[in-house]
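To find a chain, count down the sequence lines: A is the first, B the second, and so on, and within it residues start at 1. Here the structure is a predicted model, which means the values were calculated and not measured.
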Amino acid sequence: MATSTDVGDLDVAKISVPTYEYKGVNTKVFHVGSFGKLWGEKLNPDYFSLQENAANSEEAEDAAFAEEVGISADVLEEVKFVCSLDTLRCHPENESPDTEVVGPNPSLQTLRVQKRKQDYRETLTIDKTCRSNIYASEMECVTERKRPADPEAMVAEGEIILSINIVYPVIFKRFRKHRQHQTMRVLGSQKLTELRDSICCVSDLQVSGEFSNMPDLAPEHINKDHYKSAFFFFEGVFYNDMRYPECRDLSQTILDWAQNHYTHDKLQAAKMEEATFNDLKIKIGFPYLYCHQGDCEHIIIITDIRVAHRDDCLDKTLYPVITKKHWVQTRKCSVCNMYIPRKRWVTSKDCFAPMDPCFFCDKCFRMLHYDTHGNKLGEFLAYPYVDPGTFN
Amino acid sequence: MENFSDAAKSDCESLLHRFQRTDSVRYEEFSAIWRDMKFSTVFYGKMAANEKRFFSREILAIASHYFLPPYSFQIRVGSLYLLYGLYNTQLCSPKEKIRIALKDWDEVLRFQEDVTSAQHYDAAYIMRRLFLDKAFYFCAMPEMLCYRMGKRQHKHPICEEFRDRPARVKDLVNLETLEEVLNVHEHYHKMKCAISASASQPDSSLSLIQQDLVPQLKDVVLDFHNWQEKRTKRVKQSVKTNSEEDNDADAGQGSSQQDESSRRAQLLASIKSKSYGQLVEVSKSRRHRQTEMESSGSGSDQGSAQAGCGGRKRKTPPSLKARIAKEVCSKVTPDVEAVELKEEATPLSTPWRLSIITEKDEELEKDYLIFVEGVWSESSRGGKKNLKS
């Protein structure tokens, strides 16, 4: 009995150390929770402590170091002097060089590349940083080093953070190489439903139906309110969102089908609201699935799992944190050429429109397609439209 | 951004190359090279904030590759210093972190142990500094994985010149090569049978190599491996005992150690004259230890030990440790100084595995080389007979 548990422990230790299945692509399956625990056991708590360093801690640390390796205070002083950060400075002490400018004839390869870029920039008449870059860096920094006002909401020490990429439901060729739709960070102790609620996809906001005959009657209810079912698929398990009575088990059809067609592994169903990320067994870098609205399917990839760091966002309530979002071009109204405000329409087979489909703001749409009494003019189909840029 | 990472990689490598040429693991040497190359300027140039972060992340990832095996000890120390330098000079705030994977953590701990037990205080201090500055992310994997959907994937070929060498024999003769040799040998045997008069036994004039080649080769390699293991253990033990004896610093120990070291020096000299040429080159990674021994020994009266290594004397400035020792010792009595220096020199003066071997091992090594050579030339020349039997 005892030996069998020992073997079990060994196995757990072995499978919770992630290793490559295919080098540089994805890892083998491992258990997220025990991975986090293993780091906790192996690390000196000082190394991942989330507390700010106390002012006098450095001296204490140095003394501890001297004791550990068995050197006297004098020797320690010398070591400290030899290793001080001043030794890395490449310019005179009283000067502070302009870090934005690469000097002439740099010897480092990197600087030569940088220099080439700089020379090219000098030929430009306007030189400014790309707006999407500014946006992206703001996005990354906005939660960095945030502390909660309420100490209760502090992230626990040794908590793990997962980075998750969510891909567009349709993988356009041109997006495939570059952009994921959004990147989120979630905590290991969070429920899968918390991730599900923070994924924003336009199909949740869509209102379905054609309303060219009665534009005023277009319902305010969006799809998210109607169809609440969704599931994640990780390593052979469907995690269904069953929080509401009207939720349906979307995976049932697939499970039934799989019984006859899919023989490799037994597929299972579980509840999304009962599973935390720590409970999952996953591969990093492997494509999984998020499906909602019945058929809106997103590939999701867990790109990274790590122990929480002092510089991370430490407010539990802010998670899941969005760190990256693809900035999409917003459609403009084809009449007034303004960014479409909240209410908007897309028409098809429209005898007034220059193209098909064509986008309108509410005002222009009504002016063009209806007379003063609200009667429909001409033939067209009109649908309420939600722009993907609405999440920008 | 495309060729930034290639350029950064070649910059890191040229820095490490220069560091390797110093045959030292001292931080002073490293920082001198760093300043000479103006390595802090690597982060200069006009970049958007997120480009800056991306570049910092990239160059830290590149540098941390050299921190892990299969690179030699010296390169790994160099990489540690490089990470220290890059981490502290990067221009973005908060600083980008260095990623360490769980699977590599044991290696890092072992490295830390090595550094401490070899008394490289500067490296140990820097490592500790980095940990306490929270310069690391403790990750599942050394890089973000996105199923090749994201940015371009970088290949990171191993830089052969930085590789650690003590495992060379093991690399050379592993299970597969043994099997291969066995196959070739069987084939050879069959061929001989085919051209001989009797079908089962080859003609005696054709028996030019040993029959039990593969088992012998295996034994030789195993012997060598065991010897290597034993050797490392012994070195570790001697370090331990020395540190224990540090406390009561007895004079008798000092003289016996001197005996030992002079014996070793003689042995070394005699072996070297005979066998240096055909042996595997001394692992570069461990040269620093010898260098160290020379420099720390130069203050003491160990002329014999120096004579042993006379063939490979280097003009290395006294190491930090030597200078520290001098400084410390100038304050204590000369007797203690001598003993201390001797004791310090002994564990370190054990040259690494391949450079000092006993007569028996030398024989084994020779045999093994001949075997391997014989088999290889046989297989490569397609049955052309090798006459070294």
Would you mind checking which part of [X] comes under 4.5 Å of any heavy atom in chain A, side chain (CB onward), backbone (N, CA, C, O), both or neither?
X         : answer
Phe39(B)  : both
Arg128(B) : side chain
Ile59(B)  : neither
Asp106(B) : side chain
Thr89(B)  : side chain

Can you tell me which portion of [X] sits under 4.5 Å from chain B's heavy atoms? Options are side chain, backbone, both or neither.
X         : answer
Lys80(A)  : both
Asp312(A) : side chain
Arg89(A)  : backbone
Ile302(A) : backbone
Ile71(A)  : side chain

List the steps, then state whether salt bridge (Lys or Arg N to Asp or Glu O under 4.0 Å) holds for Asp311(A) with Lys95(B).
CA-CA 9 Å; Asp311(A) 287 350; Lys95(B) 287 181 166 129; over 6 Å; no
To the nearest 0.5 Å, what is the distance between [atom1] on [X] and [atom2] on [Y]?
X         : Y         : atom1 : atom2 : result
Glu13(B)  : Gln109(A) : CD    : CD    : 11.0 Å
Ile126(B) : Cys83(A)  : CD1   : SG    : 4.0 Å
Lys103(B) : Thr19(A)  : NZ    : OG1   : 8.0 Å
Leu85(A)  : Asn88(B)  : CG    : CG    : 4.5 Å
Ser84(A)  : Arg129(B) : OG    : CZ    : 12.0 Å
Ser10(B)  : Leu108(A) : OG    : CG    : 8.5 Å

Would you say the side chain of [Y] lies within less than 4.5 Å of the side chain of [X], judging by non-hydrogen atoms?
X         : Y         : value
Pro18(A)  : Met141(B) : yes
Ile305(A) : Cys139(B) : no
Asp46(A)  : Leu132(B) : yes
Val79(A)  : Tyr27(B)  : no
Lys42(A)  : Leu102(B) : yes

Check whether Tyr121(B) reaches the backbone of Val75(A) with its side chain - one donor and one acceptor, N or O, closer than 3.5 Å.
no
Tell me whether the rings of Phe131(B) and Tyr47(A) are parallel (<30°), tilted (30 to 60°) or perpendicular (>60°).
parallel
Show your working on side chain to side chain contact (heavy atoms under 4.5 Å, CB included) between Arg35(B) and Thr87(A) and close with a plain yes or no.
CA-CA 8 Å; Arg35(B) 284 192 300 270; Thr87(A) 57; 3.6 Å; yes
Closest heavy-atom contact between Arg310(A) and Asp133(B)?
NH2-O, 3.9 Å
Which one of Ser31(B), Gly45(B), Ala32(B) has the most heavy-atom pairs closer than 4.5 Å to chain A?
Gly45(B)
Using a 4.5 angstrom heavy-atom cutoff, name the option from Phe43(B), Phe136(B), Trp34(B), Tyr125(B) with the most pairs to chain A.
Tyr125(B)
Go through Thr110(A) and Asp11(B) one step at a time and tell me if the side chain to side chain contact (heavy atoms under 4.5 Å, CB included) criterion holds.
CA-CA 7 Å; Thr110(A) 322; Asp11(B) 283 338; 2.3 Å; yes
Run the ring-centre check on Phe138(B) versus Phe48(A) and record whether the distance is less than 6.0 Å.
no
What verdict does the side chain to side chain contact (heavy atoms under 4.5 Å, CB included) test give for Leu111(A) and Thr41(B), after you've listed the backbone C-alpha separation in whole Å, the side-chain angles of each residue and the deciding distance to 0.1 Å?
CA-CA 8 Å; Leu111(A) 287 185; Thr41(B) 58; 3.3 Å; yes
Could you please spell out the steps behind the side chain to side chain contact (heavy atoms under 4.5 Å, CB included) verdict for Gln114(A) and Lys46(B)?
CA-CA 8 Å; Gln114(A) 197 65 258; Lys46(B) 192 169 182 180; 5.8 Å; no
Scored by heavy-atom pairs under 4.5 Å with chain B, the best of Phe65(A), Phe35(A), Trp39(A) is Trp39(A)
Name the member of Leu88(A), Val307(A), Ile284(A) that forms the most heavy-atom pairs with chain B at distances under 4.5 Å.
Leu88(A)
